[in-house]
Amino acid sequence: MSQPRPDLAPDPGLSRAEMETLQRDIADIAVFEDDFAFDPDALSNPLAAAASGDEQPIIVGVDQSFLTNADGEQDRALSAVVATRGGEVIERVHAVTGLEIPYIPGLLSFREGGPILAALEELSVDPELILFDGSGRIHFRQAGIATHMGVVRDVPSIGVAKSLLCGRPREDTDDLPAGSRVAIEANTRVDAPDGTLIGYAVQTRQYDSPNRHINPLYVSSGHRVGSETAAEIVLELATSYKLPEPVRLADTYADEAKREFNQ
DNA sequence: GCGACAG
DNA sequence: ATCTTGTCGC
């Protein structure tokens, strides 16, 4: 049985090589298959689930915004956390911490992990699933921010990215119909045998007709959630908008909190 | 050397 | 990520 690993929290002071080594360790510890108690199929219809006596899991969405300095430099990250249950918001918290390192593709968790863990500490409820803005297994060392945070907290997690960091879609992903998905497999840039399934391009919404498309989301398992289930959960949670509701709410909250911080 | 690169 | 109103198209 796995357990929280606060000792593996992202340390921005590590050398680049040490960061990459830690990510390989994280990937080894991560569980890329279902290992949680709730019923993922009951998420799309909370009312029916409640009627049949099932308890809805507490699902949390996380997103960041950045605060700028008097000199116009991004010096702090604001991590917004929104907890939901049965589609309702039950808690919102946020935390602001100084930024230690710049954005480097592949090392995102070392820049934003600190703020995120700080915000999660403020939560009074216990997340049963956390959705992050960014990749999980779709990562050079199969340890994106969703995987790193999931392993440190030992909570089921899913990565939801708006663009593809690495890997290769098995089919064309242009103009996919709503509700569909295309497998993303490892390519040369991923530390996994070529062809390994590492996630899905998930089309949660699509315009009805002519010349105007919506890009898919790139969904991957973070920790204790399999690729298939991760894709299904995101589809169930993206009821009215492109992004799954918890992430969309966190996105909005991150901007709100930032505004009142500047005013 | 060139290309690729979550937020 | 961020700077930001209107605007093109359904």
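Chain A is the first sequence line, chain B the second, and so forth, proteins listed ahead of strands; every chain is numbered from 1. These numbers come from the heavy atoms of this one structure, side chains and all, not from hydrogens, waters or symmetry mates.
Closest to the side chain of A/Leu165, from the set B/dA6, B/dG7, C/dT2, is B/dA6. Of the candidates B/dA6, C/dT2, B/dG7, C/dT2 carries the atom nearest the A/Lys258 side chain, counting heavy atoms from C-beta on. Closest to the side chain of A/Pro105, out of B/dG7, C/dC3, B/dC5, is B/dC5.
Across all strands shown, A/Ser135 has heavy atoms under 4.0 Å from base atoms, whether or not it also approaches the sugar-phosphate. A/Ile138 comes within contact range of no nucleotide atom at all, as no heavy-atom separation falls under 4.0 Å. Residue-level contact check: A/Gly106 touches the bases, meaning some heavy atom is under 4.0 Å from a base atom. Note on A/Leu107: a base of the nucleic acid sits closer than 4.0 angstrom, heavy atoms only.
Separating the OH atom of A/Tyr218 from the C1' atom of B/dA4 is a distance of 15 Å, rounded to the nearest angstrom. A/Arg189 has its CZ atom 18 Å from the P atom of B/dC2, to the nearest Å. Regarding A/Phe132, its CZ atom lies at a distance of 14 Å from the P atom of B/dG7, rounded to whole Å. A/His213 has its NE2 atom 13 Å from the C1' atom of C/dG9, to the nearest Å. Atoms CG (A/Leu78) and P (B/dG7) sit 18 Å apart, rounded to a whole Å. The CD1 atom of A/Ile101 sits 16 Å away from the P atom of B/dG7 (whole-angstrom rounding). Between A/His139 atom NE2 and B/dA4 atom P there is a gap of 19 Å when expressed in whole angstrom units. C/dG9 atom P lies 16 Å from atom CD1 of A/Ile214, rounded to whole Å.
In this model, the phosphate group of B/dG7 is approached by a side-chain N or O of A/Ser163 to a distance below 4.0 Å at OP1 or OP2. Close to B/dA6, at under 4.0 Å from its OP1 or OP2, lies no side-chain N or O of A/Lys162.
Taking the side chain as every heavy atom from C-beta outward, A/Phe110 and A/His148 approach each other to under 4.5 Å. Using a 4.5 Å heavy-atom cutoff, the side chains of A/Val81 and A/Glu122 are not in contact. In this structure, A/Ser163 and A/Asn215 have side chains that are not in contact, with every pair of non-hydrogen atoms separated by 4.5 Å or more. Side-chain contact between A/Thr229 and A/Phe36: present, with at least one pair of heavy atoms (C-beta onward) separated by less than 4.5 Å.
In this structure, a donor-acceptor pair under 3.5 Å is present between the side chains of A/Tyr200 and A/Glu228. Side-chain atoms of A/Ser124 and A/Glu91 form a donor-acceptor pair, as typed in the model, at a separation below 3.5 Å.
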### Task
Go through the steps to decide whether A/Glu88 and A/Arg85 satisfy the test salt bridge (Lys or Arg N to Asp or Glu O under 4.0 Å), and finish with yes or no.
CA-CA 5 Å; A/Glu88 301 296 312; A/Arg85 184 168 207 164; over 6 Å; no
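Looking at A/Arg248 and A/Glu245, a side-chain N of the basic residue comes within less than 4.0 Å of a carboxylate O on the acidic one, giving a salt bridge.
Contact between A/Arg76 and A/Thr68 at its shortest, heavy atoms only, is NH2-O, 3.3 Å.
The stretch residues 64-77 of chain A comes close to DNA chain C through A/Ser65, A/Phe66, A/Gln74, each having a heavy atom under 4.0 Å from the strand.
Listed by first then second residue, pairs satisfying salt bridge (Lys or Arg N to Asp or Glu O under 4.0 Å) with a partner in residues 145-170 of chain A read A/Glu121-A/Arg153, A/Asp154-A/Arg224, A/Arg168-A/Glu185, A/Arg168-A/Asp194, A/Arg170-A/Glu185, not counting sequence neighbours.
Stem regions annotated for DNA chain C: none, counting only runs of 3 or more consecutive pairs of Watson-Crick or G-U type with both contacts under 3.5 Å.
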